[in-house]
Protein chains: 2
Amino acid sequence: MNNRQVADRLHSAAVHLLRHVRTVDSKSGLTASRLSALSVIVFGGPISISELAEAEQVRPPTISRLVKEMEWEGLVSRQRDAQDRRVTRIRATSKGRRLLFEGRERRVAKLAERVARLSPEERERVAEAAATLERFSLPADHPLS
Amino acid sequence: MNNRQVADRLHSAAVHLLRHVRTVDSKSGLTASRLSALSVIVFGGPISISELAEAEQVRPPTISRLVKEMEWEGLVSRQRDAQDRRVTRIRATSKGRRLLFEGRERRVAKLAERVARLSPEERERVAEAAATLERFSLPADHPLS
DNA sequence: TCATTTCATTAGCTAAGCTAATAATAATGG
DNA sequence: CCATTATTATTAGCTTAGCTAATGAAATGA
């Protein structure tokens, strides 16, 4: 299998994998985008809008609105940076942290059902590849990398 | 690594992988959803709206609109089923086939850049896992499975 | 036959991406 | 030191893609 074929399979698998896990989101109140951003905020510490946008590979206005909504819902809070007053630092509230873990758990549980169906050999290979993938699909300077 | 951890990594990798490849879509005129649906139409032969919706794991109205737009753009054509006149069969036009291959190529090329950066061992493991994943992230009755 | 079921579409809502324009602040050069 | 430029974030307004509910049209079946 050449690079292109590997890439093609990865692409197709990723698309369908996410469609599959998305089915549990209605219960959690956290969509894929929010889960992902919240995860960066929780684990990547207080972070600015532009840093968050870059980490999430989207444009600042997209994150700006996401944060506004999450703030409204009490999942995150903002604080003006004392050194540079243009910047606001975003951090997760305890409610945000709790919802992240719950929402993640739901998605991951859904996926884990399928992981559990694999043969031990397949599971092993997928586990190894997942580690590699996790590394290579993040931008080099992603806060979680 | 337990099932949950494997699943967690897969989830995270899939999210960022798709964000990454999405950056090339503006040039192709084919978004992720269209690429995916068109792919099912091209390889899964003439197919009804409901079959397509199930294959894509979305609701019929979502596919209905997608097909309407792709038809408008000359990528697919419809034909009433002679046996059951409620059903329309969708098939790709030659333009649709061409655009699928081009659009896919762009996304996949973007991904392949990263695949190419892996060590031979990593690449091998990812390739094997991709095959497994492709199978397991599709519903059992997906036309491409 | 007529009541029910099935397939597809339409209408209308939400979420999440984008660009362009604007406001506020910081940094810089004359 | 002030005026200009650059940076950070937001707002406005557009698009795409998901959803449910309601509707029309065709098939099925009691």
Side-chain angles (χ1 to χ4, degrees), chain A residues 15-16 18-38 40-41 46-73 75-90 103, chain B residues 15-16 18-38 40-41 46-73 75-90 103:
Chain A
V15 167
H16 291 101
L18 289 183
R19 293 235 173 111
H20 178 66
V21 298
R22 210 187 42 207
T23 59
V24 302
D25 286 338
S26 52
K27 296 163 202 157
S28 74
L30 279 181
T31 59
S33 306
R34 289 184 186 201
L35 260 179
S36 184
L38 192 51
V40 173
I41 297 167
I47 188 173
S48 76
I49 293 282
S50 358
E51 287 162 354
L52 191 47
E54 198 185 349
E56 289 297 277
Q57 299 180 258
V58 297
R59 300 292 174 182
T62 299
I63 289 296
S64 190
R65 180 178 44 193
L66 209 81
V67 165
K68 187 177 65 179
E69 292 163 354
M70 291 200 295
E71 187 186 21
W72 178 260
E73 292 159 18
L75 308 182
V76 302
S77 67
R78 329 163 91 109
Q79 194 168 9
R80 268 256 191 279
D81 185 297
Q83 274 68 48
D84 185 342
R85 294 178 41 72
R86 293 168 302 181
V87 173
T88 64
R89 303 258 149 220
I90 320 292
Chain B
V15 166
H16 291 100
L18 288 184
R19 292 234 171 110
H20 177 66
V21 298
R22 210 188 40 209
T23 59
V24 302
D25 285 339
S26 52
K27 296 162 202 155
S28 74
L30 279 181
T31 60
S33 305
R34 290 182 185 202
L35 260 179
S36 183
L38 193 51
V40 173
I41 296 168
I47 188 175
S48 77
I49 293 283
S50 357
E51 286 162 354
L52 191 47
E54 199 186 348
E56 290 296 278
Q57 298 179 259
V58 296
R59 300 293 173 182
T62 300
I63 289 296
S64 189
R65 180 177 44 194
L66 209 80
V67 165
K68 186 176 64 179
E69 291 163 354
M70 291 201 294
E71 187 185 22
W72 176 262
E73 292 160 17
L75 308 182
V76 302
S77 66
R78 330 164 91 108
Q79 195 170 9
R80 269 256 191 281
D81 186 298
Q83 274 68 50
D84 185 342
R85 293 177 42 72
R86 291 169 304 181
V87 173
T88 64
R89 302 260 149 218
I90 321 291

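Within every chain, numbering begins at 1; the chains are lettered A, B, ... in the order of the sequence lines, protein sequences first and strands thereafter.
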Handout entry: Spacing between A/Arg89 atom CZ and D/dT8 atom P, to the nearest angstrom
Key = 10 Å

Exercise for the section: Output the single nucleotide from D/dC19, D/dT8, D/dT10 whose closest atom is nearest the side chain of A/Arg78. Expected result: D/dT10

Practice task
Heavy atoms only: give me the nearest B/Ala55-B/Val40 pair and the separation to one decimal.
Solution key: CB-CG1, 4.2 Å

Exercise for the section: Can you measure from CZ (A/Arg59) to OG (A/Ser50) and round to the nearest 0.5 angstrom? Expected result: 12.5 Å

Completion exercise
To the nearest angstrom, the CG-C1' distance between B/Leu30 and D/dT15 comes to 15 Å

Problem - Interatomic spacing from CZ in B/Arg89 to OG in B/Ser77 - rounded to 0.5 Å - result: 13.0 Å

Practice task
Indicate the atoms forming the closest heavy-atom contact of B/Ile49 with B/Pro60, along with that distance.
Solution key: CG2-O, 4.2 Å

Practice task
Enumerate the residues from residues 64-73 of chain A whose closest heavy atom to DNA chain D is under 4.0 Å, giving them by residue number; use none for an empty result.
Solution key: A/Ser64, A/Lys68

Exercise for the section: Under the side-chain hydrogen bond (donor to acceptor under 3.5 Å, both in side chains) rule, collect the residues that match up with A/Arg86, sequence neighbours excluded. Expected result: A/Asp84

Problem - Rounded distance in Å - CD1 (A/Ile63) to P (C/dA15) - result: 16 Å

Problem - Pairwise distance CD1(B/Ile90) to CE(B/Met70) - rounded to 0.5 angstrom - result: 8.5 Å

Completion exercise
To the nearest 0.5 Å, atom CG of A/Leu66 lies from atom CG of A/Leu75 at 10.0 Å

Handout entry: Between C1' of C/dA8 and CG of B/Leu52, the distance in whole Å
Key = 13 Å

Handout entry: Of B/Ile49 and A/Thr62, the one whose closest DNA chain C nucleotide lies more 5'
Key = B/Ile49

Practice task
Look at all strands and tell whether B/Ser33 reaches a base, only sugar-phosphate, or nothing, counting heavy atoms closer than 4.0 Å.
Solution key: sugar-phosphate

Practice task
Determine the minimum heavy-atom distance between A/Arg34 and A/Leu30, stating which atoms define it.
Solution key: CB-CD2, 3.8 Å

Handout entry: Separation of atom CZ in B/Arg34 from atom P in D/dG18, rounded to whole Å
Key = 10 Å

Handout entry: Annotated protein contacts, base or backbone, on nucleotides 22-30 of chain D with a non-hydrogen cut-off under 4.0 Å, one of B, S, - each
Key = ----BS---

Problem - Heavy-atom closest contact (A/Glu56 atom, A/Ser36 atom, distance) - result: OE1-OG, 2.6 Å

Handout entry: Nearest-angstrom distance from the residue atom CZ of A/Arg59 to C1' of D/dT11
Key = 18 Å

